[in-house]
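Beneath this line is the structure, given in structure tokens, with notes to follow.
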Amino acid sequence: MAKRSVFSVVTERIPVSLALGIGQTVLATLFGLLLGIYSALHLYSTADYVATALVFFGMSMPSFFFGVIALFFFVITWPLFNVGLMTPGFHPEVATLFEKTVEYGRHLMLPLMLLVILGMGGFVRYARSSMLEVLNMDYIRTARAKGLPESVVVRKHALRNALIPIVTLLALSLPGILGSAPITETIFSINGLGKLYIDALGANDQMTLMADLVLTITLVILGNLLADILYSIVDPRVSLE
């Protein structure tokens, strides 16, 4: 068998990890912001306490714990999902784009839900604390004193300023889009960059490890650049000029 270059091996794994990473980032950010803002607007309510408890539980539990539990219940006990990237006997080379999307989606759904649960905790805490801080500002009290509806106060005055700290968290999560789930990919036998990193560590494959490091460093630089650009959009006090 002919040897393959590190570049070809890495690029082959990128689409799977990219699908998991983008799905996790989008869903974790969306649900995290919604839950964090709701908790801030309903401070010290039952929903706030329940959300806070669930978030702390999700943030404190390691990914391999959730992965093994999900594998036991939803793959072994109740076989609703499968491990791997495709069902044995499925031939992607002769399948249509729709069939491949459905097949890959079925196998990526469980690890994606697991990653969203593990990743949304930070967004919930940041969104909640930032919204609480903004709601106590003088200009928010002024807007309410003018008789503006609460929905307008929250949407047009509080939300934009509350999103400023989230920009940093979101931009710095860019390196995690690729290869951020090595344990989850290994547990569910998904051949992504995360699993490639674990396999390279076990085999002492220094070339693959260096390629993964270069890719991560590049994404960190792009993430910081994206954060600066987003600051100028979200915060009117910041300008790129």
Side-chain angles (χ1 to χ4, degrees), residues 10 12-39 50-87 100-128 166-201 212 215-216 219-220 222-223 226:
V10 171
E12 185 183 66
R13 303 288 186 98
I14 285 179
V16 178
S17 294
L18 191 64
L20 278 176
I22 292 178
Q24 177 199 9
T25 302
V26 172
L27 295 178
T29 303
L30 178 62
F31 292 132
L33 288 179
L34 291 177
L35 188 56
I37 293 172
Y38 183 85
S39 296
V50 172
T52 302
L54 291 177
V55 165
F56 277 122
F57 177 78
M59 294 177 66
S60 61
M61 290 296 104
S63 58
F64 66 84
F65 172 80
F66 273 127
V68 172
I69 294 298
L71 194 67
F72 176 77
F73 282 104
F74 299 110
V75 176
I76 299 176
T77 306
W78 303 301
L80 301 177
F81 302 94
N82 296 321
V83 296
L85 193 56
M86 64 184 70
T87 305
K100 288 190 289 187
T101 302
V102 172
E103 179 68 16
Y104 295 153
R106 286 196 311 113
H107 287 75
L108 294 178
M109 187 177 298
L110 183 59
L112 178 59
M113 290 190 295
L114 178 68
L115 292 173
V116 170
I117 293 174
L118 295 174
M120 65 182 293
F123 290 101
V124 174
R125 301 307 302 163
Y126 269 89
R128 183 180 182 274
I166 308 299
V167 169
T168 304
L169 185 62
L170 182 60
L172 295 181
S173 65
L174 180 63
I177 290 181
L178 292 176
S180 64
I183 297 177
T184 302
E185 289 183 359
T186 303
I187 291 175
F188 291 96
S189 300
I190 297 174
N191 290 325
L193 286 176
K195 188 174 184 299
L196 179 64
Y197 177 76
I198 296 295
D199 295 339
L201 279 177
D212 182 80
L215 184 60
T216 302
L219 291 176
V220 169
L222 292 176
L226 180 61

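Worth knowing before you read on, the calculation uses all heavy atoms, side chains too, and leaves out hydrogens, waters and symmetry mates.
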Inset, instruction - Using atom types as modelled and distance alone, determine if a side-chain donor or acceptor of Thr186 lies under 3.5 Å from a backbone N or O of Lys195. - result: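 No, Thr186 side chain to Lys195 backbone: no donor-acceptor pair under 3.5 Å.
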Legend entry - Under 3.5 Å: donor-acceptor pair, side chain of Ser60, backbone of Phe57: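 Yes, Ser60 side chain to Phe57 backbone: donor-acceptor pair under 3.5 Å.
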Any side-chain heavy atom of [X] within less than 4.5 Å of one from [Y]?
{"X": "Arg106", "Y": "Glu103", "value": "yes"}
{"X": "Phe81", "Y": "Met113", "value": "yes"}
{"X": "Leu20", "Y": "Leu108", "value": "yes"}
{"X": "Leu219", "Y": "Ile177", "value": "no"}
{"X": "Leu54", "Y": "Val124", "value": "no"}
{"X": "Asp212", "Y": "Leu196", "value": "no"}
{"X": "Ile69", "Y": "Phe65", "value": "yes"}
{"X": "Val16", "Y": "Asn191", "value": "no"}

Using every non-hydrogen atom in the two residues, find where [X] and [Y] come nearest and quote the distance to one decimal.
{"X": "Val116", "Y": "Gly23", "answer": "CG2-O, 4.4 Å"}
{"X": "Ala70", "Y": "Phe188", "answer": "CB-CZ, 4.3 Å"}
{"X": "Thr25", "Y": "Thr29", "answer": "O-OG1, 2.5 Å"}
{"X": "Leu33", "Y": "Ala127", "answer": "CD2-CB, 3.9 Å"}
{"X": "Gln24", "Y": "Leu112", "answer": "N-CD1, 3.4 Å"}
{"X": "Ser17", "Y": "Gly194", "answer": "OG-N, 4.1 Å"}

So, taking the atom named [atom1] in [X] and the one named [atom2] in [Y], what distance separates them when rounded to the nearest 0.5 Å?
{"X": "Phe73", "Y": "Leu80", "atom1": "CZ", "atom2": "CG", "value": "12.5 Å"}
{"X": "Ser63", "Y": "Ile183", "atom1": "OG", "atom2": "CD1", "value": "3.5 Å"}
{"X": "Ile166", "Y": "Phe123", "atom1": "CD1", "atom2": "CZ", "value": "7.0 Å"}
{"X": "Thr52", "Y": "Arg125", "atom1": "OG1", "atom2": "CZ", "value": "5.0 Å"}
{"X": "Leu71", "Y": "Leu110", "atom1": "CG", "atom2": "CG", "value": "8.0 Å"}

Legend entry - Intermediate values then yes/no, side-chain contact (heavy atoms from CB on, under 4.5 Å), Leu215 and Leu193: CA-CA 10 Å; Leu215 184 60; Leu193 286 176; 3.8 Å; yes
Inset, instruction - Look at atom OH of Tyr38 and say whether more than 12 heavy atoms of other residues, nucleotides or ligands are closer to it than 6.0 Å. - result: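 Open.
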Legend entry - Phe66, CZ: over 12 other non-hydrogen atoms inside 6.0 angstrom: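 Enclosed: over 12 neighbouring heavy atoms sit under 6.0 Å from CZ of Phe66.
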